[in-house]
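The structure appears right after this line, and notes come after that.
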Amino acid sequence: MTKYNVFVFLFFASIISFVCDAIESDDESSKLHIVYMGSLPKEPSYSPTSHHISLLQQVIDDSDIQNCLVRSYKRSFNGFAAMLNDQQRIKLSGMRGVISVFPSQEYHLKTTRSWDFLGLPQSIKRTKTIESDLVIGVIDGGIWPESESFNDIGLGAIPKKWKGDCAGGRNFSCNKKIIGARFYGFNDDSARDSDFHGTHTSSTAGGREVNGVSFNGLANGTARGGVPNSRIAAYKVCNNQGMCTGQAILSAFDDAIADGVDVITISMGRPGIINFFDDPISIGSFHAMEKGILTVQAAGNDGPSPSTVSSFAPWLFTVAATTIDRQFIDKLILGNGKTFIGTSINIFPSNGTKFPIAVRNAQACSAGGNVTPEKCDCIDKNMVNGKLVLCGASGGEGTAYANGAIGSIINSTDFSCDKASVTDKPSLNLETKDFVHVQSYTNSTKYPVAEILKSEIFHDTNAPRIASFSSRGPNNLVLEIMKPDVSAPGVNILAAVPPQKLYSDVMVKYYLLSGTSMACPHVAGVVAYVRSFHPDWSPAAIKSAIMTTTKPVKKSDDDLAGEFAYGSGNINPQQAIHPGLVYDISKEDYVQMLCNYGYDANKIKQISGDNSSCDGASKRAMVKNINYPAMVIPVRPYNKNFRVKIDRTVTNVGFPNTTYKATLINHNPKIKIMVKPKQLSFRSLNEKQSFVVTVVGGAKLNQTVFSSSLVWSDGTHNVKSPIIVQILPSI
Ligand SMILES: *[C@@H]1O[C@H](CO)[C@@H](O)[C@H](O)[C@H]1NC(C)=O
Ligand SMILES: *[C@@H]1O[C@H](CO)[C@@H](O)[C@H](O)[C@H]1NC(C)=O
Ligand SMILES: *[C@@H]1O[C@H](CO)[C@@H](O)[C@H](O)[C@H]1NC(C)=O
Ligand SMILES: *[C@@H]1O[C@H](CO)[C@@H](O)[C@H](O)[C@H]1NC(C)=O
Ligand SMILES: *[C@@H]1O[C@H](CO)[C@@H](O)[C@H](O)[C@H]1NC(C)=O
Ligand SMILES: *[C@@H]1O[C@H](CO)[C@@H](O)[C@H](O)[C@H]1NC(C)=O
Ligand SMILES: *[C@@H]1O[C@H](CO)[C@@H](O)[C@H](O)[C@H]1NC(C)=O
Ligand SMILES: *[C@@H]1O[C@H](CO)[C@@H](O)[C@H](O)[C@H]1NC(C)=O
């Protein structure tokens, strides 16, 4: 090839791209879209690219259309990417052979994508020196001190206030990042993490920035915690068999508070209703609160049924789990060329080779339940060895693998992206209708074969959504206290784990996990972040700042009140440092609430350790007046009208001289809500103003929950609190 040729080629290309750019600039709404067309037709004469071009020609008026085609998908499935405006997109969507047309959103492959998604980019303003004085206490299953996420490069001396100890036991060294370590499990000899959990949560809350991290090539980017300059103290309360005891938990609180941590994160709980003072976490966190330490707890993974949240105390910060915009999907290609999209995190690359599918269908792949061995192919070695198995439900793949199966195709009884989890063989979950397709292909083909491709990342514009597994409110112990309080990313979070060889020798140091356990340390990181700007704020003020500045979560149909799933909403760290007003709660206020709730005055005195006393008789009805940044109003109308008044007080932490006006959003007119006064004027910082919310309703309400939000706004700050009216059944 001569220079001349090259020149001609370049010249030609630039003309063409000019034509495409011209089309694009004619219409500013033109965006890169993906046109998905399903499986590749089998006719040998079929040419995907010419088909794609011919489709484009019908919507784009340009003779050089070939060059407007950004990409043809033609090896494993059929489709293409092209610049399209709305009109072209709609026209294409209606065309024969087109399954879907959707925008190809720009995204950056970043590991803990969750922090960017929350609006806390790496470049965020930080008070580095104050941040490095903060200590996050992680009560969990230990930590892996050698992980890259806990390097101490560039960190200054250990904060002077630190009274903790590096008592990590055998072969455990601290550094200037991990400044404290203790362990409490019986038969344990060190604070070293023996599974994944503690290292994962610690690095999510306070891990350093580590570049080039991925899970076997998936979700590649920079891993980091919410406050990379903070210090970590690890309190291992679970032994190497995964047994975590209340005793160990309470010991850990006892130490952590005294050691001088600034925030505690505890991704643990137990199901069922436990009274405040029968629960080590509630007890420990009450005393942490007294010392100015906020405790963040995971809501639990028992959703989506209502009343499953297992964190009740108003001084705890309870976290639900949401999705982020990064989802994992994978493709199944059958021998007949049909392609199906499923979910799972499958790191096993494929090379085009298709593997046989075990012919008879397994009703379930486990030998358990009422499945007889004759019906379960998986345990018939001859049937499954070297093959992919069809599983009627998830859970039994392991039995199939033990008998030689090389992968599985699973009928998902509850298909959703938040169920995608890391698989240990090529495997994916399919919607039932697709699973049936695969079954009938298998039934009707002599040698059925299929290939499962490695997972791909899909940019989910419908995020954040509440994870189905996330435990829901209402709070069955104290109905008036909204639980969970907030939500944070907890689906497929990549964070550090103890290094180990998995899946035939892949060395894994960062791993994807889902759960409210993963959401909890995100909030702990943000608590530390807010504290680094406002070191003098009380735990309740920090919590209020985070709750009243949240971003909305997309409501799912199966939740009565979205707030009982996601609390105030998804955390918004950048705004949380500028809340404008806070709903503060002092220790005395909590004590008064406990009095009203009916706790014995002498016991309360003993718990609080001071002169706090219950003035007068306990008034259960006054519990609602605790200055919580959310209002839940349980009413039993008995077919009569109800009228409930709630008192609240806000403290000005925004502009010294300012006026806030009240508005209600998402308000259902069947319930009347009045706020008095409607306007609050402040003349100085830290000034307090009180208001009364009156809720009035009548009989014949055909709904059990009505939710809306009160927003106080001064034009700059919008201080938002949910108001949830819960209609209780008549007794
Ligand atoms: C300490 O633990 C690390 C990590 O497991 C290991 O590589 C090292 O050999 C251990 N050292 C001793 C002395 O046991
Ligand atoms: C991760 O991304 C970087 C740049 O974005 C790239 O250089 C690197 O090869 C990627 N690593 C993997 C394992 O994909
Ligand atoms: C593809 O992978 C399979 C199984 O790992 C292997 O047997 C086969 O040789 C590979 N084929 C090619 C073309 O690399
Ligand atoms: C697949 O799951 C659906 C529920 O989603 C169930 O009704 C059906 O029986 C399952 N199919 C098999 C073969 O187990
Ligand atoms: C496939 O065959 C199995 C019996 O081997 C039967 O239970 C199943 O309903 C068939 N499925 C379809 C979709 O044909
Ligand atoms: C408790 O009250 C007694 C008598 O009213 C007083 O002398 C004492 O200083 C108080 N103690 C505290 C800790 O406030
Ligand atoms: C406070 O604001 C009001 C109204 O904007 C203004 O009249 C007044 O001078 C301000 N006071 C101070 C001390 O800035
Ligand atoms: C309640 O009744 C209204 C009409 O008065 C209707 O629009 C609404 O769907 C009903 N809600 C429920 C949960 O039945």
Side-chain angles (χ1 to χ4, degrees), residues 141-151 166-175 177-178 181 183 188-200 202-203 234 236 239-240 304 332 334 340-344 357-380 383-384 387-397 399-400 405 408-420 427-444 448 450 468-469 496-502 507-511 558:
I143 196 165
W144 193 265
E146 293 84 7
S147 169
E148 268 265 48
S149 287
F150 309 125
N151 78 68
C166 182
R170 194 174 70 84
N171 188 21
F172 189 107
S173 315
C174 295
N175 60 10
K177 179 67 186 178
I178 301 178
F183 60 100
D188 240 1
D189 61 1
S190 87
R192 190 173 285 282
D193 190 359
S194 54
D195 65 5
F196 280 2
H197 201 268
T199 303
H200 203 277
S202 302
S203 62
K236 183 182 181 193
N239 70 5
N240 290 344
L332 172 75
L334 299 183
F340 297 95
I341 293 188
T343 64
S344 78
I357 306 176
V359 248
R360 278 198 300 133
N361 287 290
Q363 296 305 305
C365 281
S366 76
N370 49 16
V371 180
T372 58
E374 305 81 68
K375 274 194 171 167
C376 184
D377 287 350
C378 307
I379 58 165
D380 179 348
M383 212 44 108
V384 301
K387 294 179 182 166
L388 299 170
V389 290
L390 299 180
C391 300
S394 69
E397 313 87 85
T399 316
S408 59
I409 299 161
I410 299 168
N411 173 29
S412 176
T413 47
D414 178 13
F415 187 81
S416 92
C417 280
D418 63 39
K419 293 279 166 57
S427 171
L428 83 177
N429 302 311
L430 289 181
E431 265 180 283
T432 294
K433 69 173 171 54
D434 292 340
F435 185 78
V436 170
H437 264 103
V438 177
Q439 272 187 311
S440 55
Y441 160 75
T442 305
N443 285 0
S444 64
S468 53
F469 59 73
V497 292
Q500 44 205 286
K501 281 197 171 147
L502 292 177
M507 185 54 111
V508 170
K509 292 181 180 174
Y510 288 81
Y511 196 80
D558 49 351

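We count ligands from 1, going down the list as the structure has it; atoms in each ligand are counted the same way. The model shown is predicted, which means the values in this text are computed figures rather than measured ones. Only heavy atoms go into these numbers, but all of them, side chains included; no hydrogens, no water, no symmetry mates.
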Does any N or O in the side chain of N411 come within less than 3.5 Å of the main-chain N or O of E431, such that one atom is a donor and the other an acceptor? no
Numbered in order shown, the ligand 4 atoms found under 4.0 Å of a heavy atom of N411 are 1 (C), 2 (O), 3 (C), 8 (C), 10 (C), 11 (N), 12 (C), 14 (O)
Which ligand 4 atoms, with their elements, are less than 4.0 angstrom from a heavy-atom of Q439? 13 (C)
Supply the atom-to-atom distance Y510 OH to H200 NE2, rounded to the nearest 0.5 angstrom. 10.5 Å
Should E146 and R192 count as an ion pair when the cut-off is N to O under 4.0 Å? yes
Would you sort out whether D193 and T199 count as a side-chain hydrogen bond (donor to acceptor under 3.5 Å, both in side chains), showing the intermediate values? CA-CA 7 Å; D193 190 359; T199 303; 2.6 Å; yes
Non-hydrogen protein atom less than 4.0 angstrom from atom 9 (O) of ligand 1: no
N171 neighbourhood, listing ligand 1 atoms whose heavy-atom distance to it stays under 4.0 Å: 1 (C), 2 (O), 3 (C), 8 (C), 10 (C), 11 (N), 12 (C), 14 (O)
Which segment of W144 sits under 4.0 Å of ligand 1 when only heavy atoms are counted: side chain
When you compare ligand 4 with T432, is there at least one nitrogen or oxygen pair between them that comes in under 3.5 angstrom? yes
Apply side-chain hydrogen bond (donor to acceptor under 3.5 Å, both in side chains) to S203 and S149, showing your working. CA-CA 6 Å; S203 62; S149 287; 4.8 Å; no
